[in-house]
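Let me begin by presenting the structure, written as structure tokens, before commenting on it.
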Amino acid sequence: MEDALRRELGAAVLRPTRHSGRGCISQGRSYDTDRGRVYVKSNSKAEARRMFEGEMASLEAILKTQTLKLPKPIKGIDLPGGSTLFVMEHLEMRGLNRHSAELGTQLADLHLHNQQLGEKLKKEVSTAGKGQGQMEVQFVDQFGFHTVTCCGYLPQVYDWQNDWVTFFARQRIQPQMDMIEKNSGDREARELWAQLQLKIPSLFSGVEIVPALLHGDLGGSVAEDDSGPIIFDLSSFYGHSGYELAIAGMFGGFSSSFYSAYHSKIPKAAGFEKRLKLYQLFHYMNHWNHFGTGYRGSSLNIMRNLIK
């Protein structure tokens with residue numbers, strides 16, 4: 001692996017450091033090279049190339065917004081035997097603590113970025129007849145993404161949709177439901193989902209949703225250094241900003257200062273808590289499909305509560 005890495009990076013020096021990591025999906029290690037320190041993810045699953053390409057596209061998209069600090073992507077490398085590497089900038093990271101409020105502010109800035117581009121575009125068109133051709137980042141008026149990204153190792157569907165409710169039901173929950181059906185034929189889950197589908201539009205009554213560029217899998221994928229917060233392990237797409245907060249609330253790690261700072265820029269709209277539960281349903285079902293039926297009870301309870 002190291003010979004291939006040295007060759008692909010054009011590095012004369014490649015030395016492993018003491019920095020290594022192992023997540024639920026991929027392994028990682030840092031290397032010192034004559035071109036600087038890099039972090040290398042490795043994965044031997046057949047889906048790894050697609051997963052890393054989606055992460056690279058996500059990093060590139062959010063880097064362009066200049067709202068949050070994250071590692072710069074460098075290169076994807078296929079190894080003989082089927083493993084894939086993803087090389088990115090190494091960042092010194094520690095657990096999020098001192099910069100929680102700053103993360104809330106910067107995440108809100110990311111979520112507002114596309115909306116503000118749209119407002120700027122309208123103003124320019126009305127005043128000078130200009131388009132958005134010169135903009136570094138283009139305004140996006142639909143929900144989706146230009147390439148497949150993965151939440152864990154499962155690919156997510158990204159056909160562009162004008163309507164967020166349609167996008168979420170068809171391209172988030174339905175594929176998870178299809179996998180559950182295929183793997184276990186869970187009749188109760190299928191019946192609850194059939195009822196919930198009819199209820200979902202009412203959860204968005206009176207809410208205007210402008211597509212927001214999202215991290216996509218916030219969860220434990222946040223850290224900090226001396227300069228401020230850092231995000232990593234992205235699974236981006238254009239969706240509803242409220243979707244982002246669902247997994248943040250499931251496994252802890254986010255302080256009240258994070259939420260206060262975020263909501264000072266993007267206040268909670270009526271029905272926020274129920275929509276948050278709906279978004280958490282996706283993550284519980286995704287965990288069910290990744291890790292087994294330990295997440296079945298949480299998934300079914302959310303559906304039961306939402307259709308009351």
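Position 1 is the first residue of the sequence, and the numbers go up from there.
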L192 side, atom CG; L281 side, atom CG - distance, nearest 0.5 Å: 10.0 Å
What side-chain donor-acceptor pairs closer than 3.5 Å can you find for residues 170-177, not counting sequence neighbours?
from : atom 1 : to   : atom 2 : distance (Å)
Q171 : OE1    : Y158 : N      : 3.4
Q171 : OE1    : D159 : N      : 2.9
Q171 : NE2    : D159 : O      : 2.9
R172 : NH1    : V157 : O      : 3.3
R172 : NH2    : Y158 : OH     : 3.2
Q174 : OE1    : W193 : NE1    : 2.8
Q174 : NE2    : D178 : OD1    : 2.9
Q176 : OE1    : N286 : N      : 3.4
Q176 : OE1    : N289 : ND2    : 2.7
Q176 : NE2    : N286 : OD1    : 3.2

Any donor-acceptor N/O pair, N43 side chain to A48 backbone, under 3.5 Å: no
Pair K265-T105, side-chain donor/acceptor within less than 3.5 Å: no
I266 backbone acceptor or donor facing H263 side chain under 3.5 Å: yes
Stepwise salt bridge (Lys or Arg N to Asp or Glu O under 4.0 Å) test for R6 and D34: CA-CA 10 Å; R6 186 182 291 108; D34 47 318; over 6 Å; no
R50/V148 under side chain to side chain contact (heavy atoms under 4.5 Å, CB included): CA gap, chis, key distance, verdict: CA-CA 7 Å; R50 177 172 56 188; V148 170; 4.0 Å; yes
Donor-acceptor under 3.5 Å (D217 side chain, C151 main chain): no
Y39 to S30 - nearest heavy-atom pair and separation: CD1-OG, 3.3 Å
Distance-only polar pair, side chains of S227 and D225, donor-acceptor under 3.5 Å: yes
Set of residues satisfying ring-ring contact (aromatic ring centres under 6.0 Å, His included) with respect to H287, sequence neighbours excluded: F251, F291, Y295
Inter- and intrachain pairs under side-chain hydrogen bond (donor to acceptor under 3.5 Å, both in side chains), touching residues 228-239, at least two apart: K41-D233, T149-S235, Q156-S235
Residues forming a salt bridge (charged side-chain N to carboxylate O under 4.0 Å, His left out) with R49, sequence neighbours excluded: E53, D78
Polar side-chain atom of E244 near backbone of L214 as donor-acceptor pair, under 3.5 Å: no
Spacing of CG belonging to L91 relative to CD1 belonging to I230, to within rounding of 0.5 Å: 5.0 Å
Sidechain N-carboxylate O distance under 4.0 Å for K268, E273: yes
Between CD on residue E224 and OG on residue S100, distance to nearest 0.5 Å: 7.0 Å
Salt bridge R29-E2, side-chain N to carboxylate O under 4.0 Å: no
Non-hydrogen atoms of W288 and A189 that approach each other most closely: CH2-CB, 4.2 Å
Qualifying residues under salt bridge (charged side-chain N to carboxylate O under 4.0 Å, His left out), relative to K75, sequence neighbours excluded: E8
Stepwise salt bridge (Lys or Arg N to Asp or Glu O under 4.0 Å) check, K69 with E89: CA-CA 12 Å; K69 184 173 183 177; E89 174 189 19; over 6 Å; no
No-hydrogen, no-angle side-chain donor-acceptor test under 3.5 Å, E119 and Q115: yes
OG1-CG distance between T84 and L79, expressed to the nearest 0.5 angstrom: 7.0 Å
Ion pair E188/R296, N-O distance below 4.0 Å: yes
Any residue meeting ring-ring contact (aromatic ring centres under 6.0 Å, His included) with H111, in chain and number order, not counting sequence neighbours: Y262
Distance in Å, I231 CD1 paired with S221 OG, rounded so as to fall on 0.5 Å steps: 9.0 Å
